[in-house]
Amino acid sequence: MPELPEVETVRRGLNRLVRGKVIEKVKMTYSPMVKTGVDTFCQDLLGQEILDVDRRGKYLLIYLTDHVLISHLRMEGKYNFFPDQVPANKHFHAFFTFTDGSSLVYQDVRKFGTMELLGKADVEAYFLSRKIGPEPTEADFDLEEFSRRLAKSKKPIKSHLLDQSLVAGLGNIYVDEVLFRAQVHPAQASNQLSAEQVTSLHQATIEVLQLGIEKGGSTIRTYKNALGMDGTMQDYLQVYGKTGQACPRCQTEIVKIKLGGRGTHFCPQCQVKYG
DNA sequence: ATAGATGTTACTGA
DNA sequence: ATCAGTAACATCTA
């Protein structure tokens with residue numbers, strides 16, 4: 001499910017539903033998802049209180065009494081909260097039962113999601129080693145730095161924005177929206193962008209992800225019913241999934257191509273490649 | 001009916 | 001370094 005706005009929506013839901021609860025029992029039915037070792041993971045979580053749920057890019061950070069649980073939802077990860085009984089489901093892979101009898105259950109059809117249990121002092125190094133860029137906010141996302149780094153790369157701008165190093169949080173839906181807003185062709189080389197385009201991309205990134213958060217994320221393709229899946233952002237998308245429909249700006253048909261292995265939607269009239 | 005696609009990231013080999 | 005391809009997995013669709 002998640003790009004930054006969806007993960008942020010889940011973060012808010014988790015704080016509302018499980019902050020303050022104490023873990024009494026842990027059951028993992030798909031061990032490979034725990035990258036730091038499933039045995040110690042289950043042991044170390046017992047008795048831990050959920051103090052706060054934070055987010056960095058698309059990563060959830062669940063702050064506990066003595067540890068931090070880093071959870072990445074990848075393509076289809078979801079959290080479900082159950083006040084008492086947990087229904088059977090073949091795609092439930094992690095079960096956290098609290099002392100009050102309620103449960104938080106992680107669901108992931110494709111099993112791509114990951115969990116890691118770190119010490120609080122190790123969090124910074126974790127994101128540094130993965131080269132996760134600044135948060136897409138005016139405060140963190142520096143235009144000059146963005147511009148300098150783009151100038152050093154020949155990568156197609158879409159692929160570059162997706163790699164999380166320039167700015168954290170864009171995924172395949174929102175990146176297409178950002179490129180449309182900024183009127184930049186997805187295959188344009190990073191180092192061939194005009195100063196105006198760079199400024200537009202910077203601004204559009206902040207605005208589109210902020211709008212996504214305000215709308216509670218998008219609910220697309222996968223079903224609702226899990227934490228944070230009640231978003232309406234899908235109603236505000238202008239190009240993603242709009243193949244063959246009229247461009248909202250010029251009425252030209254939106255086309256879909258493949259770029260860097262990802263489906264890519266854009267307006268061939270508004271988003272022209274040059275250079 | 002089977003190939004291809006699906007909101008992601010990390011690893012491999014050229 | 002950098003880049004393209006691929007793997008991890010399950011399901012849906014054209």
Side-chain angles (χ1 to χ4, degrees), chain A residues 1-11 29-36 55-60 70-79 89-94 106-116 126-133 136 149-179 187 189-191 208-209 211-213 215-237 239-244 256-265:
Chain A
M1 54 174 288
E3 298 178 43
L4 186 148
E6 292 75 27
V7 177
E8 174 63 17
T9 304
V10 172
R11 183 191 76 79
T29 54
Y30 184 67
S31 312
M33 73 174 296
V34 182
K35 299 305 177 185
T36 49
R55 179 191 55 70
R56 179 76 174 86
K58 304 177 194 173
Y59 296 77
L60 283 169
I70 299 191
S71 169
H72 197 299
L73 277 32
R74 292 288 183 100
M75 295 287 269
E76 306 232 15
K78 296 171 188 62
Y79 279 99
N89 184 307
K90 68 190 287 204
H91 301 303
F92 287 171
H93 308 305
Y106 178 74
Q107 173 181 20
D108 193 339
V109 168
R110 294 178 71 185
K111 301 178 179 165
F112 286 175
T114 59
M115 291 188 188
E116 291 159 277
Y126 179 91
F127 292 107
L128 273 177
S129 75
R130 281 167 178 70
K131 300 188 173 20
I132 303 300
R149 297 185 55 185
L150 285 171
K152 286 191 288 193
S153 168
K154 291 153 74 165
K155 263 192 199 178
I157 183 59
K158 170 164 174 172
S159 308
H160 207 172
L161 289 171
L162 278 180
D163 83 11
Q164 308 300 302
S165 65
L166 294 167
V167 59
L170 287 174
N172 204 39
I173 294 180
Y174 293 93
V175 74
D176 280 1
E177 298 298 313
V178 165
L179 291 164
S190 296
N191 62 2
V208 166
L209 291 175
L211 178 65
I213 290 171
K215 300 304 174 189
S218 318
T219 306
I220 219 139
R221 200 164 51 81
T222 42
Y223 46 84
K224 300 179 57 153
N225 182 23
L227 270 192
M229 290 311 291
D230 46 356
T232 58
M233 183 61 194
Q234 64 277 7
D235 299 337
Y236 299 83
L237 300 178
V239 287
Y240 183 87
K242 307 292 185 188
T243 314
K256 180 176 180 182
I257 62 170
K258 179 155 272 203
L259 200 167
R262 312 298 303 275
T264 297
H265 314 72

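In what follows, chains are A, B, ... by sequence order, proteins preceding strands, each numbered from 1. Quick caveat, the model's predicted, so the values are computed rather than measured.
Within the nucleic acid shown, A/Gly263 comes within 4.0 Å of sugar-phosphate atoms alone, with no base atom in reach, counting heavy atoms only. At the heavy-atom level, A/Lys152 lies nowhere under 4.0 Å from the strands shown. Within 4.0 Å (heavy atoms only), A/Lys131 reaches no atom of the nucleic acid at all. In this structure, A/Lys35 reaches neither bases nor backbone, as no heavy-atom distance under 4.0 Å exists between it and the strands shown.
Using atom P as the reference point in both C/dC9 and B/dT2, the two lie 22 Å apart (nearest Å). Across C/dA1 and B/dT8, the matching C1' atoms stand 23 Å from one another, rounded to whole Å. Using P as the reference atom, C/dT6 and B/dA3 are 15 Å apart when rounded to the nearest Å.
For the pair A/Val175/A/Thr264, no side-chain contact is recorded, criterion being any heavy-atom separation below 4.5 Å from C-beta on. Side-chain contact between A/Tyr126 and A/Ile70 is present, with heavy atoms from C-beta onward closer than 4.5 Å. With contacts defined as side-chain heavy-atom distances shorter than 4.5 Å, the pair A/His91/A/Lys78 does not qualify. Taking the side chain as every heavy atom from C-beta outward, A/Pro5 and A/Ile213 approach each other to under 4.5 Å.
The separation between A/His265 atom NE2 and B/dA5 atom P is 12 Å, rounded to whole Å. Summarising the geometry, the separation between CZ on A/Arg110 and C1' on B/dT8 is reported as 9 Å, rounded to the nearest angstrom. Counting to the nearest Å, the C1' atom of B/dT8 and the CZ atom of A/Arg56 are 17 Å from each other. Atom-to-atom, CG of A/Asn172 to P of B/dA5 comes out at 12 Å; the value is rounded to the nearest Å. For A/Asp176 and B/dT6, the CG to C1' distance is 14 Å, given to the nearest whole Å.
A sub-4.0 Å separation between OP1 or OP2 of B/dA5 and a side-chain N or O of A/Lys258 is present. In terms of phosphate contacts, A/Gln164 brings a side-chain nitrogen or oxygen within less than 4.0 Å of OP1 or OP2 of B/dT9. Put simply, A/Arg262 has a side-chain N or O that comes within less than 4.0 Å of OP1 or OP2 on B/dT8.
Shown are A/His160, A/Lys154, A/Lys152; of these, the side chain to side chain donor-acceptor pair (under 3.5 Å) with A/Ser190 is made only by A/His160.
Judged purely by distance below 3.5 Å, without hydrogens or angles, the side chains of A/Tyr79 and A/Ser71 pair a donor atom with an acceptor atom.
Of all nucleotides in DNA chain C having an atom under 4.0 Å from a heavy atom of chain A, the first and last in 5' to 3' order are C/dC3 to C/dT11.
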- Note, DNA chain C 5' to 3' with Watson-Crick or G-U pairs under 3.5 Å encoded as ( ), [ ], | and . gives .|||||||.|||||

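Listed by first and then second residue, the salt bridge (Lys or Arg N to Asp or Glu O under 4.0 Å) pairs that reach into residues 156-175 of chain A are A/Lys155-A/Asp163, A/Lys158-A/Asp176, sequence neighbours excluded.
Looking at every heavy atom in both residues, A/Gln234 comes nearest to A/Thr219 through OE1-N, 2.8 Å. For the residue pair A/Gly169 and A/Leu209, the shortest heavy atom distance occurs at O-CD2, 4.2 Å. The heavy-atom pair separating A/Ala168 from A/Gly57 by the smallest distance is CB-CA, 3.7 Å.
Looking at residues two or more places apart in sequence or on another chain, you find a salt bridge (charged side-chain N to carboxylate O under 4.0 Å, His left out) between A/Arg130 and A/Glu116. By the salt bridge (charged side-chain N to carboxylate O under 4.0 Å, His left out) test, A/Arg55 is found to be paired with A/Glu8, A/Glu135, residues two or more places apart in sequence or in another chain being considered.
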Write down the protein N/O and nucleotide N/O pairs, taken from nucleotides 10-14 of chain B, whose separation is under 3.5 Å; answer none if there are no such pairs.
residue, atom, partner, partner atom, Å
B/dA10, OP1, A/Arg130, NE, 3.2

